[in-house]
There are 2 protein chains.
Amino acid sequence: MAGVDFAGRVTLHDVAAAAGVSIATASKALNDTGRMSADTRARIRRVAQEMGFRPNVLAKSLTSKRSFTVGLLTNDTYGRFTLPVMAGISEGLIDHGVSVFLCTVEDNPELAKIHVDAMLDKQVDGIIATGKRIDKPLPVDLSKLSVPVVYALTAGPADAVTLLPNDRQGADEAVQHLIAERRQRIVHITGPGAFRVVQERAAAFSEALDRAGLPVSDAAILQGDWSERWGHEAVAMLWSGDAQPDGIFCGNDQIARGVIDALRERGVGVPAQVSVVGFDNWEIVAEQTRPPLTTVDMNLKELGRQAGQALLRLVNGEAVEQGLWKLPCTLVVRGS
Amino acid sequence: MAGVDFAGRVTLHDVAAAAGVSIATASKALNDTGRMSADTRARIRRVAQEMGFRPNVLAKSLTSKRSFTVGLLTNDTYGRFTLPVMAGISEGLIDHGVSVFLCTVEDNPELAKIHVDAMLDKQVDGIIATGKRIDKPLPVDLSKLSVPVVYALTAGPADAVTLLPNDRQGADEAVQHLIAERRQRIVHITGPGAFRVVQERAAAFSEALDRAGLPVSDAAILQGDWSERWGHEAVAMLWSGDAQPDGIFCGNDQIARGVIDALRERGVGVPAQVSVVGFDNWEIVAEQTRPPLTTVDMNLKELGRQAGQALLRLVNGEAVEQGLWKLPCTLVVRGS
DNA sequence: TCCGTTTGAGAAACCGTTTTCTCAAAACAA
DNA sequence: TTGTTTTGAGAAAACGGTTTCTCAAACGGA
C-alpha cells in the first residue's frame with residue numbers, strides 16, 4: 001500500500017515564514033518563475049518539501065481561471081459501455097492533474113440540468129458527454145455553454161468533436177475473418193434497424209462480401225433485437241430453410257451467445273461447420289460461450305482517453321478537428 | 001431538453017454595481033444574512049436574478065473551508081457492481097449541491113496515491129471508497145487522512161463506516177423461498193470459499209435449512225468459481241450421484257445461468273422439477289435465462305445513496321455509527 | 001569615483017466571496 | 001431638545017494563492 005500524507009493544512013504563508021522569505025518569493029520559488037538566487041530557490045523548495053506543502057488548487061484556480069476539473073455526464077447506469085470509457089477518461093486526465101466530476105443523469109432532463117449547473121458553478125474547464133447509444137443525445141443541450149464540450153459514444157451537434165468506435169471497420173474485420181476462414185455463405189444477425197450501429201455494421205457487412213466476390217443479398221441480414229433469444233430464433237429460422245450459412249456475423253455478443261447455444265442444441269459444430277463472430281468483446285459473455293467467442297473489441301478505454309485529450313486541447317485553445325472521430329476496433333480471435 | 005444558461009461571467013461585483021450597493025451588502029442580500037431593509041434585499045435579488053448571477057463556488061470554498069466536493073475511489077473497471085453504487089452516490093449527493101470526483105485506480109497503488117493526492121489538493125470534503133469485493137481493500141491506505149472516509153462494497157478498517165449488502169439476510173430469503181415452494185432437498189452451488197460473501201451466504205443457507213427442520217450437511221454446499229461453466233459442472237456432478245436435489249440456491253446469477261442451462265440440456269424441468277434461485281439480480285443475465293431467474297437483488301443504488309448520506313453527516317461533524325452497515329437485500333421472484 | 005545596469009526580493013493588488021467591524025443616520029425615550 | 005438605541009449599509013480583512021511593480025544593493029564600465 002502506498003501511504004498518503006496527512007492532508008495539507010500547511011499554506012504558502014507557513015512555508016514562507018519557515019524559510020524566512022515573503023510569500024511572493026515563496027510562490028515564485030515553487031513555480032519556477034520570478035528572479036532569485038539559486039540558493040534561495042532551493043532552500044524554499046526544500047522547506048516546502050519538508051513541511052509537506054501542497055498548494056490549494058482552489059486558490060490557484062481563482063487567479064488562473066482554470067479549475068483543472070472537467071465534468072463527465074452519462075446516462076448509463078448499468079451498461080457495460082460507459083464504464084471503460086469513463087475509466088479511460090479519468091486515467092488520461094489525471095496525468096495532467098485534471099480531475100473528473102461524475103454525473104449520472106439517467107434520461108431525466110431536470111436532473112441533467114441540475115448537474116450541468118452544478119458543474120458550471122464549480123467552474124469546470126470543460127465537459128464530456130457520454131452515453132450508451134451513438135444516435136441518441138443526452139437529455140440536455142450542451143451546445144451553448146461557455147466551456148468546451150466533447151461527445152463520446154453519444155450524439156452531439158455536427159460542429160462538435162464526437163468520438164465513436166469505427167463500426168464499419170470493426171464489422172469489416174469481422175467479415176474478413178470469416179472469409180479468411182473460407183466461409184462462403186455468410187449471414188448477419190443483428191439488432192433493431194433503428195440503431196445507427198446496426199446500419200453501419202450491415203453496410204460494412206455487405207461491402208466486405210461484395211469486395212470478396214461473394215453474393216450480396218438483403219436476405220442475409222436479419223434484424224431483431226439485441227437479445228440471446230433473438231439469436232436462438234434467428235438460427236431456428238435459418239435452419240428451417242433449405243440453405244444453411246457456414247459463417248455468422250452477429251451484431252453483438254449476446255446475440256452471438258444465443259446463436260452458439262442454438263447451434264450446439266442442434267448439433268451443429270462451431271467452428272467446425274459454422275464460424276461465429278460477435279461484436280463488443282464483452283468478456284463476461286465472450287469468454288463464457290462454448291467455444292469462447294471471437295468478437296470485435298471497440299477499445300472503449302482508449303476512446304475515453306482520447307476524449308479526455310481532445311477536451312484538454314480545446315480547453316487550452318488548441319486547434320482540434322471538429323466532427324466525427326472514428327476510432328479503430330480490434331478483432332479478438334477466440335475459438336468460434 | 002432543458003436549456004442551460006450561458007455560464008456565469010457575472011460576478012457579485014457586477015451585481016452590486018448594477019444594484020448600486022456594495023458587494024458586502026449584495027453578498028448578504030443573497031445569503032439571507034446581515035441587516036438591511038426588505039426593499040434593498042429584494043432589489044438586489046431581482047438584479048442578481050436578471051443578470052443570471054451564479055456564485056463562484058471556488059471562491060466560496062476558499063472562505064467556507066467546504067468545497068462541496070467528495071472523491072469516489074473505485075478499483076472496478078468493467079464489473080456491474082460499482083456502477084449502480086456510483087449512480088446512487090452521485091444522485092444522493094447532488095441534492096445537497098455536492099459533486100463527486102470519479103477516480104478509477106485499478107489495483108495500482110501508485111495510481112491510487114496520485115488520485116488521492118489530487119483529491120486532497122482539490123480540497124474534497126470527504127472520500128468514498130468502493131470496490132467489487134467486500135473482503136479486499138483498495139490498494140491505498142485511507143485511514144490517516146484528514147478528511148472522513150466511508151467504505152462501500154470494499155473492505156475498510158474496523159473503526160470506519162462500511163456499507164455492505166446483508167448477504168445473510170439475502171441468502172436467507174432465497175432459501176426460505178425455496179422452502180416455501182415445498183422443496184425438500186436443497187443444495188447450494190457457490191463460488192470460491194475464499195470470498196467472504198461465499199461464507200456468509202453458505203452460513204445463512206445452513207441456518208435456514210436447520211430452522212425449517214431440513215437436514216443440514218456440508219455436502220450440500222458445492223464451492224467452485226463464479227462461472228457458468230461451474231454451474232454446468234456442478235449439475236453434472238449432482239446428477240451423476242444417486243439423489244438429486246429439487247431446489248438449488250446459487251451463489252450468483254452466472255452460476256445459476258449455467259445450472260439452468262445444464263438442467264434444460266438434461267431435460268429436467270425448471271421450475272417443475274427443480275427450483276433455482278440466483279444472487280445479484282444482474283438483469284442482463286437474470287432476464288435472459290429460460291425461464292427468467294428468480295434471484296436476490298442487493299439494492300446497490302440505495303447502498304450508494306446511503307454511503308453518500310453517511311459521508312455527508314461525517315463531514316458535518318454529526319455522529320455516525322461506526323462499523324458495518326448491512327443493508328437489506330430483496331428477493332426478485334421470476335420464473336425459476 | 002561616478003553613473004547606469006542587473007539582480008534579488010518584497011509590497012501590494014488581485015481573483016470572487018464571506019464576515020466582522022465600524023459608523024452615520026434615523027428612531028426612540030426622556 | 002438632548003441622549004441613547006436601533007437600523008441600514010459600507011470598509012476592510014480574510015481565504016490561499018499569483019503577478020506586477022518597485023526598489024535597494026550589488027555590479028560593471030569608464
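The chains referred to below are lettered A, B, ... by the order of the sequence lines, with proteins before strands, and numbering in each begins at 1.
Note: CG (B/Leu30) to C1' (C/dT18) measures 12 Å, nearest angstrom. Distance B/His13 NE2 to C/dA13 P: 16 Å, rounded to the nearest Å. For the pair A/Phe68 CZ and D/dT18 C1', the computed distance is 13 Å after rounding to whole Å. With rounding to whole Å, A/Leu12 atom CG is found 6 Å from D/dT18 atom P. In this structure, the CZ atom of B/Arg35 is 17 Å from the P atom of C/dA25, given to the nearest Å. Between the P atom of D/dA9 and the CZ atom of B/Arg41 lies a distance of 10 Å, rounded to the nearest Å. D/dC15 atom P lies 18 Å from atom CG of B/Asn56, rounded to whole Å. Taking atom CE of residue A/Met36 and atom C1' of nucleotide C/dT6, one finds them 16 Å apart after rounding to whole Å.
Contact of the A/Thr104 side chain with the B/Met86 side chain is not registered, since no non-hydrogen atoms from C-beta on lie closer than 4.5 Å. With a 4.5 Å cut-off on side-chain heavy atoms, B/Leu142 and B/Tyr151 count as touching. Annotation: side chain of B/Phe68 is not in contact with side chain of B/His96 (no heavy-atom distance under 4.5 Å).
Taking side-chain N and O atoms only, B/Thr63 has no distance below 4.0 Å to OP1 or OP2 of C/dT17. Residue A/Lys65 places no side-chain N or O under 4.0 Å from the OP1 or OP2 atom of D/dT18. For A/Lys60 and D/dT18, the shortest distance from a side-chain N or O to OP1 or OP2 is below 4.0 Å. Listed pair A/Thr25 / C/dG10 meets the phosphate criterion, a side-chain N or O lying under 4.0 Å from OP1 or OP2. Between B/Ser27 and the phosphate of C/dT18, there is a side-chain N or O to OP1/OP2 separation shorter than 4.0 Å.
Ranked by how close their nearest DNA chain D nucleotide is to the 5' end, A/Asn31 and B/Arg43 are led by B/Arg43. Along DNA chain D, the nucleotide closest to B/Leu62 and the one closest to B/Ser37 are compared, and the more 5′ of them pairs with B/Ser37.
Side-chain to base pairing of A/Lys28 with C/dG10: one donor and one acceptor N or O lie within less than 3.5 Å of each other.
With B/Thr82 as reference, B/Thr130 is the one residue of B/Thr130, B/Leu72, B/Leu300, B/Thr154 to meet the side chain to side chain contact (heavy atoms under 4.5 Å, CB included) rule.
If you check every strand for non-hydrogen atoms under 4.0 Å, B/Thr40 touches sugar and phosphate atoms only. Nucleic acid contact for B/Ile23: base, since at least one base atom lies under 4.0 Å from a heavy atom of the residue.
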Do B/Met298 and B/Asn166 pass the side-chain contact (heavy atoms from CB on, under 4.5 Å) test, and can you show the C-alpha distance, the side-chain angles, and the key distance before you say yes or no?
CA-CA 8 Å; B/Met298 296 185 285; B/Asn166 191 334; over 6 Å; no
